[in-house]
Amino acid sequence: MIEHVFKIGQAVRPKATCHSLPNDLFRVLRLLPSTAGGVPLYCIKSQAELIERVVEQSDIEAALR
């Protein structure tokens, strides 16, 4: 099982290979249980949107500020 690498409140952005997310800055809101395959999940939200999104760890990377 893979451990969560991002923390609550951390700024993240979509990886270049992730086409299902807008190219925006997101904050990690919650750490979610991993998928059945052991991939960590996160609840993220951008300031530009009202919705929260659930993403796999492999779809995001740390945003440098």
Side-chain angles (χ1 to χ4, degrees):
M1 188 175 235
I2 303 169
E3 292 186 29
H4 288 86
V5 296
F6 304 111
K7 296 179 167 77
I8 294 173
Q10 185 172 357
V12 295
R13 63 183 176 148
K15 286 186 177 178
T17 56
C18 180
H19 302 292
S20 61
L21 291 173
N23 188 19
D24 202 355
L25 186 65
F26 293 86
R27 292 265 174 214
V28 175
L29 299 179
R30 290 184 295 285
L31 307 181
L32 302 174
S34 298
T35 65
V39 178
L41 294 173
Y42 298 86
C43 178
I44 62 171
K45 184 178 179 311
S46 76
Q47 289 186 347
E49 297 181 315
L50 297 175
I51 63 170
E52 296 177 359
R53 298 171 181 267
V54 174
V55 296
E56 293 185 356
Q57 184 167 285
S58 59
D59 289 336
I60 56 176
E61 61 189 8
L64 302 176
R65 294 199 123 212

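Because the structure is a prediction, the values reported are computed rather than measured.
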Practice problem: Kindly give the heavy-atom pair with the smallest separation between S20 and R53, and that separation in Å. | Solution: O-NH1, 4.0 Å
Quiz prompt | Inter-residue atom distance S34.OG - Q57.CD, 0.5 Å rounding | solution = 8.0 Å
Quiz item: Between CD1 of I44 and CG of L21, what distance do you get to the nearest 0.5 Å?
Solution: 5.0 Å
Quiz prompt | Partners passing side-chain contact (heavy atoms from CB on, under 4.5 Å) against A48 (at least two apart in sequence or in another chain) | solution = D24, S46
Quiz item: If you take all heavy atoms of I2 and P40, which pair is closest and at what distance?
Solution: O-CG, 3.4 Å
Residues 7-14, side-chain donor-acceptor partners within the protein, below 3.5 Å, at least two apart:
| residue | atom | partner | partner atom | Å |
| --- | --- | --- | --- | --- |
| Q10 | OE1 | K7 | N | 2.9 |
| R13 | NE | E61 | OE2 | 3.1 |
| R13 | NH2 | E61 | OE2 | 3.0 |

Quiz item: How far apart are the closest heavy atoms of S58 and K15, and which atoms are they?
Solution: O-CD, 3.3 Å
Self-check item: Any pair counted as ring-ring contact (aromatic ring centres under 6.0 Å, His included), so long as it reaches residues 8-32, sequence neighbours left out
Solution: none
Practice problem: Report the distance from atom CZ of R27 to atom CD of E52, rounding to the nearest 0.5 Å. | Solution: 14.5 Å
Quiz prompt | ILVMFWY network linking V5 to L32, side-chain heavy atoms under 4.5 angstrom | solution = no
Quiz prompt | With Y42 via ring pair (Phe, Tyr, Trp, His ring centres under 6.0 Å) - residues at least two apart | solution = H4, F6
Self-check item: Residues forming a side-chain contact (heavy atoms from CB on, under 4.5 Å) with T35, sequence neighbours excluded
Solution: V39, L41, E56
Quiz item: At their closest point, which heavy atom of C18 faces which heavy atom of D59, and how far apart are they?
Solution: CB-O, 3.7 Å
Practice problem: Applying side-chain contact (heavy atoms from CB on, under 4.5 Å), name anything that partners L50, two or more places apart in sequence or on another chain. | Solution: none
